[in-house]
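Working notes for the structure below.
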Amino acid sequence: MHRKTLIIAEAGVNHNGDRARALALVEAAARAGADVVKFQSFRADKLATAEAAKASYQQATTGAAQSQLDMLRALELSADDEEQIAAACASANITYMSTPFDSDSATHLVRRVGVSTLKVGSGDLTNAPLLLHLARFRLPIILSTGMGTLAEVEQALGVIAFGYLCDATAKPTSADFARLLLDRATWMELRARVTLLHCTTEYPADPQSINLRAMATLREAFGLPVGFSDHSRGIHIASAAVALGATVIEKHLTLDRNLPGPDHRASIEPDEMAAMIAAIRDVEAALGDGRKVPAPEEIPNRAVARRSLVALRPVRAGERFTEDNLGVKRPGNGVPPIEYWSYLGKTASRDYAANEALEP
């Protein structure tokens with residue numbers, strides 16, 4: 001049986017810096033049936049310089065005049081906001097998660113908010129100091145790999161392994177990271193704690209850019225659980241990812257795609273989130289256990305849909321069965337058609353009417 005896919009409703013910065021809207025996103029995610037609602041934790045001054053440009057999609061959604069730094073400042077949540085949102089998640093019976101973009105934000109999430117899993121955004125796949133800081137909490141990590149190569153994912157895993165396995169006072173080197181990945185015990189630790197998310201870092205991502213088969217490449221290369229952070233339009237590609245083995249699906253959620261802000265247009269609204277989750281649960285149920293045996297519901301239909309050997313015309317006792325008088329017709333509760341050739345040339349043990357099923 002396919003295990004239940006963890007579904008993360010990515011609220012991200014779709015609260016636009018407003019706690020009330022963040023709380024409404026929690027309620028919307030819970031009503032839609034998501035397992036997790038995830039936000040982003042950062043201090044803009046620690047994340048970007050005044051010279052940092054916006055991505056083209058951010059310019060399209062928030063304008064080119066405002067700097068990335070100013071955009072980020074408007075999207076911050078305070079430490080108190082985060083604690084209130086986490087409390088609301090507990091009340092709504094949905095798991096709170098947030099992606100930390102700096103060490104202080106990560107420490108607050110772990111020490112004060114009490115998150116049980118850390119999510120790393122694709123932009124920090126190569127941010128080795130932050131990865132090491134996160135790994136030293138020894139919590140499970142969900143690592144997005146957008147914009148990355150297999151070599152960069154491997155480097156990130158080396159850093160995470162060092163954080164998991166080595167003393168916090170140890171001063172790492174690149175050689176240490178590589179050395180750890182040669183140890184089987186390291187991979188046992190990583191497989192127990194790390195999930196890799198394939199994604200395309202574009203908002204929204206066109207289907208031809210998504211390359212879902214890269215999930216299998218990640219799984220084969222590293223032997224870790226894999227998932228999909230979905231930036232595509234609509235909900236269908238997420239369902240396809242589950243069919244291909246995704247154990248985690250992350251999808252941006254907004255209350256209204258027409259709101260101002262960088263990510264709303266690439267997000268889905270609450271009704272769409274509910275539909276996506278229902279579709280995913282159907283796909284999980286449909287995947288089954290892989291054994292090729294009749295489903296219990298099929299058994300009664302065998303007699304209806306299959307066929308049996310029948311006399312095509314009246315056959316007298318002692319007459320031989322031939323291709324002219326022996327055929328196969330429904331229902332399928334008599335001699336199975338695989339016996340057709342063994343009956344040819346046999347003599348009938350009794351009279352048969354036309355269309356009467358043969359007795360064994």
Side-chain angles (χ1 to χ4, degrees), residues 1-7 32-35 198 207-208 210-220 223 225-228 230 232 234-249 251 268 271-360:
M1 184 66 66
H2 190 279
R3 76 178 189 174
K4 183 181 178 185
T5 308
L6 183 74
I7 299 176
D35 302 299
H198 170 61
Q208 64 267 22
I210 288 171
N211 191 20
L212 277 182
R213 289 192 176 100
M215 280 198 316
T217 301
L218 287 169
R219 184 169 51 236
E220 291 163 7
V226 297
F228 179 51
D230 184 13
S232 69
I235 66 174
H236 51 296
I237 294 177
S239 295
V242 172
L244 290 174
T247 62
V248 176
I249 293 292
K251 183 78 171 178
I268 57 175
D271 287 350
E272 295 170 300
M273 179 66 71
M276 184 193 79
I277 292 170
I280 287 172
R281 299 306 181 214
D282 282 347
V283 169
E284 290 172 338
L287 285 171
D289 60 13
R291 295 182 302 129
K292 181 53 186 168
V293 295
E297 296 84 353
E298 291 182 286
I299 300 299
N301 296 329
R302 281 178 159 181
V304 175
R306 290 184 173 181
R307 307 192 201 190
S308 303
L309 296 185
V310 300
L312 295 178
R313 57 173 176 74
V315 176
R316 294 184 177 277
E319 186 179 349
R320 291 186 182 279
F321 290 112
T322 68
E323 293 179 356
D324 293 328
N325 64 17
L326 182 65
V328 291
K329 293 186 180 183
R330 292 174 176 174
N333 53 4
V335 178
I338 192 66
E339 300 296 331
Y340 175 80
W341 295 277
S342 65
Y343 272 75
L344 290 177
K346 282 187 176 181
T347 56
S349 59
R350 65 172 179 83
D351 291 346
Y352 285 97
N355 290 318
E356 185 178 356
L358 269 61
E359 290 181 348

Next item on the list: Give a yes or no on this: more than 12 heavy atoms of other residues, nucleotides or ligands lie within 6.0 Å of atom CD of Glu323.
Entry: no
Can you see which heavy atom on [X] is nearest to which on [Y], and at what distance?
X: Thr347; Y: Gly318; value: CG2-O, 3.6 Å
X: Ala32; Y: Ile277; value: O-CD1, 3.3 Å
X: Ala240; Y: Leu212; value: CB-CD1, 3.9 Å
X: Leu244; Y: Arg219; value: O-NH2, 3.5 Å
X: Ile249; Y: Ala238; value: CD1-O, 3.7 Å
X: Met215; Y: Phe228; value: SD-CB, 4.0 Å

With a cut-off of 3.5 Å and sequence neighbours excluded, list every side-chain donor-acceptor pair involving residues 290-313.
unit_1: Arg291; atom_1: NE; unit_2: Asp289; atom_2: OD2; d: 3.1
unit_1: Arg291; atom_1: NH2; unit_2: Asp289; atom_2: OD2; d: 3.3
unit_1: Glu298; atom_1: OE1; unit_2: Ala295; atom_2: N; d: 2.6
unit_1: Ser308; atom_1: OG; unit_2: Pro331; atom_2: O; d: 2.8
unit_1: Ser308; atom_1: OG; unit_2: Asn333; atom_2: N; d: 3.2
unit_1: Ser308; atom_1: OG; unit_2: Gly334; atom_2: N; d: 2.7
unit_1: Arg313; atom_1: NH1; unit_2: Glu319; atom_2: OE2; d: 3.2
unit_1: Arg313; atom_1: NH2; unit_2: Glu319; atom_2: OE2; d: 3.2

Check: In terms of side-chain geometry, is the basic nitrogen of Glu272 or Lys251 positioned less than 4.0 Å from the acidic oxygen of its partner?
Finding: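 Salt bridge between Glu272 and Lys251, a charged N being under 4.0 Å from a carboxylate O: no.
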Check: Would you call Glu339 and Lys346 a salt bridge, taking side-chain N to carboxylate O under 4.0 Å as the test?
Finding: no
I need the [X] [atom1] to [Y] [atom2] distance, nearest 0.5 Å.
X: Ile235; Y: Met273; atom1: CD1; atom2: CE; result: 10.0 Å
X: Ile268; Y: Asp230; atom1: CD1; atom2: CG; result: 8.0 Å
X: Phe321; Y: Asn325; atom1: CZ; atom2: CG; result: 6.5 Å

Note to self: Keeping Thr247 on the side-chain end and Val226 on the backbone end, is there a donor-acceptor pair under 3.5 Å?
What the structure shows: yes
Margin query: Donor-acceptor check, side chain of His198 to backbone of Ala216, threshold 3.5 angstrom: yes or no?
Written below: no
Next item on the list: Dump the intermediate steps for side-chain contact (heavy atoms from CB on, under 4.5 Å) on Ile7 and Met276, then the final yes or no.
Entry: CA-CA 10 Å; Ile7 299 176; Met276 184 193 79; 4.1 Å; yes
Margin query: Between Leu326 and Leu358, is there a side-chain heavy-atom distance shorter than 4.5 Å?
Written below: yes
